*Asks:* 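Pasting a structure below so you can have a look.
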Amino acid sequence: MKYGIYYAYWETQWEADYVPYVDKVARLGFDALEIGAKPLPDYSKAQIVALRERAKARGITLTAGYGPSFDHNIGSSDKKIRENATGWFRHLFDVMGQLEIRHLGGALYSYWPIDFTKPVCKEEDWKYSVEGMRIMADLAKPYGIQLGMEVLNRFENHLLNTAEEGVRFVKEVDKENVRLMLDTFHMNIEEDDMAGAIRTAGNLLCHFHTGECNRKVPGQGRMPWKEIGEALREVGFDGYAVMEPFVRRGGQIERDIHIWRELRADITGEMLDQEAREALLFEKGMFE
């Protein structure tokens with residue numbers, strides 16, 4: 001198993017210069033940096049080369065995550081939106097190929113955060129999403145990109161809320177580069193048995209996000225890490241365990257993640273670094 005962390009742990013906005021974070025996570029002892037995919041299609045050649053070469057130099061694997069915007073919803077019932085999404089993801093995969101990023105995870109089958117003030121029909125959305133993911137899988141395949149269907153809680157999306165639903169969706173898509181992605185924060189809300197959910201995912205599990213029930217770093221809350229680690233070992237998970245903590249107030253991240261109080265009051269950048277380092281050691285103790 002390899003270990004990573006999401007860049008936004010240190011940020012208040014969704015877009016950032018990722019190059020300095022490559023250096024940071026390397027110093028902290030991580031194997032991977034997960035970055036946001038949204039700005040990548042607009043990268044210049046110079047930006048692509050700078051990020052790729054810095055990652056290579058520091059021995060860091062880059063992975064990517066994306067919560068598609070409304071107009072990037074590959075599972076939309078609107079043909080124009082699906083066509084727009086297809087074009088955007090085609091360009092994204094080309095840039096990811098140049099960056100040598102082989103994993104993209106998130107609510108790729110829908111959009112995020114979903115607007116529940118508008119009517120939703122799970123059955124219809126499921127059908128369009130399965131069709132859309134088959135198209136997206138074919139677009140990603142030439143670049144060796146694996147797509148992780150992230151299972152989200154009911155407040156953020158309505159299609160995949162449990163590992164069982166995720167497995168059913170992945171099997172229906174039936175593409176070798178479409179797999180399942182679980183996140184302990186979302187699992188804590190939806191699953192009756194978190195270890196059981198991991199066993200349900202089994203060998204379809206390709207990526208694993210970690211964080212406490214309130215989205216602090218692992219080890220600072222009440223998540224059943226021992227049982228989670230046992231289940232990951234039992235299913236032979238050998239992908240990336242990527243921390244996705246959100247503890248800072250401010251900016252678009254505060255609004256989208258709903259951080260309405262200080263989870264870590266008066267925390268400094270140095271303190272964030274130290275807690276990430278400690279959480280990494282904690283995870284290794286639980287998972288290995």
Side-chain angles (χ1 to χ4, degrees), residues 8 13-15 35-43 64-97 101 103-143 145-183 186 189-190 204 206-207 252-253 255-258:
Q13 302 295 339
W14 288 118
E15 296 185 20
I35 65 175
K38 184 177 181 179
L40 298 184
D42 296 324
Y43 266 31
Y66 185 42
S69 58
F70 180 82
D71 58 336
H72 294 164
N73 180 10
I74 196 72
S76 173
S77 60
D78 187 323
K79 182 179 179 181
K80 290 184 178 179
I81 292 178
R82 295 197 304 272
E83 290 175 346
N84 180 71
T86 299
W88 189 86
F89 276 108
R90 181 182 285 113
H91 191 185
L92 171 65
F93 295 149
D94 180 65
V95 175
M96 287 179 61
I101 298 175
H103 174 82
L104 175 67
L108 308 176
Y109 47 84
S110 184
Y111 73 100
W112 183 92
I114 195 167
D115 183 1
F116 283 118
T117 66
K118 299 177 181 179
V120 297
C121 177
K122 183 161 182 165
E123 292 73 22
E124 181 178 340
D125 291 346
W126 183 287
K127 177 178 73 73
Y128 280 114
S129 293
V130 167
E131 294 172 358
M133 285 314 306
R134 289 171 179 161
I135 293 170
M136 196 187 297
D138 290 341
L139 293 175
K141 186 175 180 179
Y143 302 97
I145 295 171
Q146 183 181 69
L147 304 175
M149 305 295 98
E150 185 174 16
V151 177
L152 302 178
N153 70 75
R154 71 192 73 180
F155 308 110
E156 297 184 34
N157 203 273
H158 62 300
L159 284 183
L160 308 184
N161 298 140
T162 66
E164 184 277 330
E165 288 183 321
V167 167
R168 182 156 51 90
F169 184 87
V170 167
K171 287 184 176 179
E172 193 169 332
V173 172
D174 193 25
K175 294 287 185 177
E176 62 182 9
N177 60 333
V178 174
R179 290 292 182 265
L180 194 62
M181 175 178 166
L182 295 179
D183 182 305
H186 301 293
I189 296 173
E190 298 294 344
L204 291 180
C206 71
H207 205 66
Q252 190 62 41
I253 291 180
R255 293 188 289 276
D256 288 345
I257 301 297
H258 312 306

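Predicted, not measured: the structure shown is a model, and the values here were computed from it. Values reported hereafter were calculated over all heavy atoms of this structure, with side chains retained and with hydrogens, waters and symmetry mates removed.
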*Asks:* Do V151 and M181 have side chains that approach each other closer than 4.5 Å (heavy atoms only, starting at C-beta)?
*Replies:*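 When only atoms from C-beta onward are counted, M181 and V151 do not touch, as no gap falls below 4.5 Å.
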*Asks:* Rounded to the nearest 0.5 Å, what separates atom NE2 in H103 from atom SG in C206?
*Replies:*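 H103 atom NE2 to C206 atom SG measures 5.0 Å (nearest 0.5 Å).
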*Asks:* What residues, two or more places apart in sequence or in another chain, satisfy ring-ring contact (aromatic ring centres under 6.0 Å, His included) together with F116?
*Replies:*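 F116 satisfies ring-ring contact (aromatic ring centres under 6.0 Å, His included) with no residue once adjacent residues are dropped.
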*Asks:* Residues two or more places apart in sequence or in another chain: which of them pass ring-ring contact (aromatic ring centres under 6.0 Å, His included) with H186?
*Replies:*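 Not a single residue meets the ring-ring contact (aromatic ring centres under 6.0 Å, His included) criterion with H186.
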*Asks:* Does a side-chain heavy-atom distance below 4.5 Å link Y109 with L160?
*Replies:*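 With C-beta onward as the side chain, the pair touches.
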*Asks:* Sequence neighbours left out, what passes salt bridge (Lys or Arg N to Asp or Glu O under 4.0 Å) with E164? Give chain and number order.
*Replies:*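 In terms of salt bridge (Lys or Arg N to Asp or Glu O under 4.0 Å), with neighbours along the sequence ignored, E164 is linked to R168.
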*Asks:* Sequence neighbours left out, what passes side chain to side chain contact (heavy atoms under 4.5 Å, CB included) with Q252? Give chain and number order.
*Replies:*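 Once residues adjacent in sequence are excluded, the partners of Q252 under the side chain to side chain contact (heavy atoms under 4.5 Å, CB included) criterion are Q13, W14, R255, D256.
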*Asks:* Does N153 reach the main-chain N or O of I189 with its side chain, forming a donor-acceptor pair under 3.5 Å?
*Replies:*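 Not confirmed, N153 side chain does not pair with I189 backbone.
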*Asks:* Would a 4.5 Å heavy-atom cut-off, applied to side chains only, mark E165 and K122 as touching?
*Replies:*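 Result yes, sub-4.5 Å side-chain heavy-atom pair found.
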*Asks:* For W126, enumerate each residue passing the ring-ring contact (aromatic ring centres under 6.0 Å, His included) test, keeping only those at least two apart in sequence or located in another chain.
*Replies:*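 So W126 forms a ring-ring contact (aromatic ring centres under 6.0 Å, His included) with F169.
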*Asks:* Is the closest side-chain heavy-atom distance between I101 and I35 below 4.5 Å?
*Replies:*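 I101 reaches I35 side chain to side chain.
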*Asks:* Answer yes or no: is there a donor N or O on one side and an acceptor on the other, between the side chain of Y66 and the main chain of S69, under 3.5 Å?
*Replies:*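 Indeed, once roles are kept as given, a pair shorter than 3.5 Å links the two residues.
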*Asks:* Given side chain to side chain contact (heavy atoms under 4.5 Å, CB included), test N177 with I145 step by step and report yes or no.
*Replies:* CA-CA 7 Å; N177 60 333; I145 295 171; 5.8 Å; no
*Asks:* How would you list, by chain and number, every residue that makes a ring-ring contact (aromatic ring centres under 6.0 Å, His included) with H258, sequence neighbours excluded?
*Replies:*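 So H258 forms a ring-ring contact (aromatic ring centres under 6.0 Å, His included) with W260.
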*Asks:* Could you tell me which residues satisfy salt bridge (Lys or Arg N to Asp or Glu O under 4.0 Å) with E176, sequence neighbours excluded, listed by chain and number?
*Replies:*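 Scan of E176 (salt bridge (Lys or Arg N to Asp or Glu O under 4.0 Å), adjacent residues dropped) gives K141.
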*Asks:* Looking at E156 and I114, would you say the former's side chain and the latter's main chain have a donor-acceptor pair under 3.5 Å?
*Replies:*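 No; zero donor-acceptor contacts below 3.5 Å.
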*Asks:* K175: which residues meet the salt bridge (Lys or Arg N to Asp or Glu O under 4.0 Å) condition with it, sequence neighbours left out?
*Replies:*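 Here the qualifying residues are D138.
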*Asks:* Does F70 reach the side chain of W112, with side-chain heavy atoms less than 4.5 Å apart?
*Replies:*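 They are not in contact (no side-chain heavy atoms under 4.5 Å apart), so the answer is no.
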*Asks:* For R134, check salt bridge (Lys or Arg N to Asp or Glu O under 4.0 Å) against everything at least two apart and list the hits.
*Replies:*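 With neighbours one apart ignored, the set is empty.
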*Asks:* Are side-chain heavy atoms of L92 and P41 found at a separation under 4.5 Å?
*Replies:*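 Of all side-chain heavy-atom pairs linking P41 with L92, at least one is under 4.5 Å.
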*Asks:* Quick one: list whatever passes side chain to side chain contact (heavy atoms under 4.5 Å, CB included) with D115, sequence neighbours left out.
*Replies:*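 Testing D115 for side chain to side chain contact (heavy atoms under 4.5 Å, CB included), a comparison that skips the adjacent residues, returns Y111, T117, K118.
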*Asks:* Would you say the ring centers of W88 and F93 fall short of 6.0 Å from each other?
*Replies:*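 When the ring centroids of W88 and F93 are compared, they turn out to be at least 6.0 Å apart.
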*Asks:* Out of the candidates V173, L159, I74, only one should pair with S129 under the side chain to side chain contact (heavy atoms under 4.5 Å, CB included) rule; please name it.
*Replies:*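 Going through the options one by one, the only one that passes is L159.
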*Asks:* Scan for side-chain hydrogen bond (donor to acceptor under 3.5 Å, both in side chains) pairs involving residues 77-87, sequence neighbours excluded, and state none if there are none.
*Replies:*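 Residue pairs with at least one partner in residues 77-87: there are none.
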*Asks:* Residues in side chain to side chain contact (heavy atoms under 4.5 Å, CB included) with D174, at least two apart?
*Replies:*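 D174: no side chain to side chain contact (heavy atoms under 4.5 Å, CB included) contacts found.
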*Asks:* Taking atom NZ of K127 as the centre, does the number of heavy atoms from other residues, nucleotides or ligands within less than 6.0 Å exceed 12?
*Replies:*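 Enclosed.
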